[in-house]
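Within every chain, numbering begins at 1; the chains are lettered A, B, ... in the order of the sequence lines, protein sequences first and strands thereafter.
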2 protein chains.
Amino acid sequence: MVNYEAELDAIFMALGHPARRAILARLGQGEAAVGELAQPLDMSLPAVTKHLKVLERAKLISRSKNAQWRPCRLEQAPLNSASDWIADQRKVWESRLDRLDSYLQTLHQNTKRGAKK
Amino acid sequence: MVNYEAELDAIFMALGHPARRAILARLGQGEAAVGELAQPLDMSLPAVTKHLKVLERAKLISRSKNAQWRPCRLEQAPLNSASDWIADQRKVWESRLDRLDSYLQTLHQNTKRGAKK
DNA sequence: TTCGTAATTAACCATATGGTTAAATTAAAC
DNA sequence: GTTTAATTTAACCATATGGTTAATTACGAA
């Protein structure tokens, strides 16, 4: 197992702002330039540029050049890391609940047994 | 569909710090008090208290009382919201990739057809 | 070469994060 | 009732976020 801590920090932090999730959702439909991403966002272009930098740092997007446009596109790997972390977390949590459940069932059996005696 | 934007902000933001993910991982094994959570964390107790507040705000944990201890326990719902968001995002992204793929295949077919002519 | 468009950088500001130490709280235990 | 242990609150600090407007860069078109 590798230590993805710092990557996960950047990824989850990047996902923690509605504008950035909106940008990712838009990019799910395909590449877009900054102006297009900015349009539904009720903030200035420089603000959008900053959000894009955060997404880029988390490697959630990558960028290219086309004349005076700098189109953005989605990168899927970091989202996979994020959901992997959550899935791992849930795995531990659920196996613990299973153990707790079987423990409670055992308890219950013993209670019934005890009651019969 | 409901607007969970603010909840997602708090959840993803909370997941964006290694100490908080470590706390959640520990709580996956079962309840723990603050001192126990703090032990592996190389920071002061007040710092841990602050992280716990962030996790509580995101409803990722809940707390109770037991004498002078305030045990924490994991709550699973917010992690579900988080992975649901990622899953939805991936769904859109992948269906787009599928459409792109079939488009490219069509292109390829037409190219072969064109070559035959 | 000048003009217009897309985007970024610079400079600034307010608030939030993430940490510290010292003091206060809370509740058991003696 | 004093002491001790667990935790929180208060006060402080440095840096990061998230936004603004104004200036600058990069590029195509006229």
Mind calculating the distance between [atom1] ([X]) and [atom2] ([N]) to the nearest angstrom?
{"X": "Leu41(B)", "N": "dT20(C)", "atom1": "CG", "atom2": "C1'", "value": "16 Å"}
{"X": "Leu15(A)", "N": "dG18(D)", "atom1": "CG", "atom2": "P", "value": "12 Å"}
{"X": "Leu45(A)", "N": "dT24(D)", "atom1": "CG", "atom2": "C1'", "value": "15 Å"}
{"X": "Arg57(B)", "N": "dG18(C)", "atom1": "CZ", "atom2": "C1'", "value": "12 Å"}
{"X": "Met43(B)", "N": "dA14(D)", "atom1": "CE", "atom2": "C1'", "value": "16 Å"}
{"X": "Asn66(B)", "N": "dT26(C)", "atom1": "CG", "atom2": "P", "value": "17 Å"}
{"X": "Gln68(A)", "N": "dC27(D)", "atom1": "CD", "atom2": "C1'", "value": "5 Å"}

Determine: side-chain N/O of [X] to OP1/OP2 of [N], distance under 4.0 Å, yes or no.
{"X": "Ser44(A)", "N": "dT20(D)", "value": "yes"}
{"X": "Thr49(A)", "N": "dA7(C)", "value": "no"}
{"X": "His51(A)", "N": "dG19(D)", "value": "yes"}
{"X": "Arg70(B)", "N": "dT25(C)", "value": "no"}

Nearest-nucleotide pick for [X], side chain only, options being [options]:
{"X": "Lys53(B)", "options": "dT20(D), dT9(D), dA28(C)", "result": "dT9(D)"}
{"X": "Ala67(A)", "options": "dG28(D), dA28(C), dT8(C)", "result": "dG28(D)"}
{"X": "Lys50(B)", "options": "dT8(C), dC12(D), dA6(C)", "result": "dC12(D)"}
{"X": "Arg20(A)", "options": "dT8(C), dT9(D), dG18(D)", "result": "dG18(D)"}
{"X": "Pro46(B)", "options": "dT9(D), dT7(D), dA27(C)", "result": "dT9(D)"}
{"X": "Arg63(B)", "options": "dT9(D), dT8(D), dT21(D)", "result": "dT8(D)"}
{"X": "Trp69(A)", "options": "dA7(C), dC12(C), dT7(D)", "result": "dA7(C)"}
{"X": "His17(B)", "options": "dA27(C), dG19(C), dT9(D)", "result": "dG19(C)"}
{"X": "Lys65(B)", "options": "dT7(D), dT9(C), dA27(C)", "result": "dA27(C)"}
{"X": "Met13(B)", "options": "dA27(C), dT9(C), dG18(C)", "result": "dG18(C)"}

So, [X] side chain and [Y] main chain: donor-acceptor pair closer than 3.5 Å or not?
{"X": "Arg20(A)", "Y": "Met13(A)", "answer": "yes"}
{"X": "Arg21(B)", "Y": "Leu15(B)", "answer": "yes"}
{"X": "Arg70(A)", "Y": "Ser64(A)", "answer": "no"}
{"X": "Gln89(B)", "Y": "Leu24(A)", "answer": "yes"}

Look at the rings of His51(A) and His17(A) and say which category their plane angle falls in: under 30° parallel, 30 to 60° tilted, over 60° perpendicular.
tilted
Does Asp42(B) have more than 12 heavy atoms from other residues, nucleotides or ligands lying within 6.0 Å of its CG?
no
For DNA chain D, whose closest nucleotide is more 5', that of Asp42(A) or that of Leu52(B)?
Leu52(B)
With sugar-phosphate meaning primed atoms plus P, OP1 and OP2, does Ala33(B) contact a base, only sugar-phosphate, or nothing at under 4.0 Å between heavy atoms?
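Sugar-phosphate only.
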Please work out if Ala47(B) contacts a base, only the sugar-phosphate, or nothing of the nucleic acid, heavy-atom cut-off 4.0 Å.
base
